[in-house]
Amino acid sequence: MSVSSELPRAARRILTRNDYVDRRSPHGARFFLGKYLCVQAHDGYAEGIITETEAYGGAKDKASHAFGNKRTPRTEIIYSLGGAAYVYLCYGVHHLFNIVTGPLDSPEAVLVRTVRITDGHELVRQRRYGVRERDWCNGPGRVCAALGIGLDHNCHDLLLGEKIWIEDRGLQVPPRQVERAPRIGVDYAGTWALKPWRFIWTQYVDIDKLPLS
DNA sequence: CTCTCGATTAGCT
DNA sequence: GCTAATCGAGAGA
């Protein structure tokens, strides 16, 4: 049985402006655990539960692309009002998806690191051909590969409910199931790399523990 | 214009 | 554990 079928229809709600603006870094990143990331791409639709996030934010955060309030064509979207998508190409190979949060001119974003697919399995199976299901979306590059997120989603408005958006379907994340850990791949950030700004829904991040499907 | 490097991953040894 | 892949942003000449 799928989670969506267990929930009443009324519980489905596309996140609105304040859901994004009020999520200040770093703790706001926790809010997105248990939310549904929905993506309509050229080749079809797929969605999944967000189970791991990382906070990036504040001009002081040396790991952030907006460190020192640096404004460039690429980073400008991070300064916009919360509720936009920030997608960029990393290592020339992988797309990484971020949720822009916080008020205008406050450069905060949440990187989505892991997702559990809840719809669009056949499409994702094609996109991730040859990869076992447990490795479909555990990693920010894999999340984008599985859901079909690309540069065409960059700067997209998450409030529109088209192409890419996030839904709250009433799924509750028990506080005791949330672990915090240092962010990955940001050793260059010195002491900022040590901050526990990664949020993991432990019961769901490991597919073997999932009650779903 | 040239050069460097990266919020990663897959495929090896 | 090691590293190639692959390309655009950003910095500097």
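Residue numbers start from 1 in every chain, and the chains themselves are labelled A, B, ... in the order their sequence lines are given, proteins ahead of strands.
- Residue contacts shown for A/Arg183 are absent, as no nucleic acid heavy atom lies under 4.0 Å away.
- In summary, A/Arg183 and A/Glu54 do not engage in a salt bridge, as defined by a charged side-chain N under 4.0 Å from a carboxylate O.
- Read 5' to 3', the first and last nucleotides of DNA chain B with an atom closer than 4.0 Å to a heavy atom of chain A are B/dG6 to B/dA10.
- Across every strand in view, C/dG1 sits in a pair with B/dC12 that passes the Watson-Crick or G-U test at under 3.5 angstrom.
- A side-chain donor-acceptor contact under 3.5 Å links A/Thr101 to the backbone of A/Arg23.
- At a threshold of 4.0 Å, the pair A/Asp22-A/Arg17 does not count as salt-bridged, since none of the basic side-chain nitrogens sits closer than that to a carboxylate oxygen.
- A salt bridge between A/Asp61 and A/Lys195 is absent, with no side-chain N of the basic residue lying under 4.0 Å from a carboxylate O of the acidic one.
- Other cluster members for A/Ile14: A/Tyr45, A/Trp165, joined by side-chain heavy-atom distances under 4.5 Å among Ile, Leu, Val, Met, Phe, Trp and Tyr.
- At the heavy-atom level, A/Val93 lies under 4.0 Å from base atoms of the strands shown.
- Rounded to whole Å, atom C1' of C/dA11 lies 13 Å from atom CZ of A/Arg74.
- Using a 4.0 Å cut-off between a side-chain N of Lys or Arg and a carboxylate O of Asp or Glu, A/Glu47 and A/Arg169 qualify as a salt bridge.
- Taking every heavy atom of residues 58-68 of chain A and every atom of DNA chain B, pairs under 4.0 Å involve A/Ala63, A/His65, by number.
- Applying the Watson-Crick and G-U wobble criteria (two distances, each under 3.5 Å), C/dT6 pairs with nothing in any strand.
- A donor-acceptor pair under 3.5 Å links the side-chain atoms of A/Lys163 to the main chain of A/Asp152, judged by distance alone.
- Looking at heavy-atom distances under 4.0 Å, A/Arg132 makes no contact with the nucleic acid at all.
- A salt bridge between A/Lys35 and A/Glu167 is absent, with no side-chain N of the basic residue lying under 4.0 Å from a carboxylate O of the acidic one.
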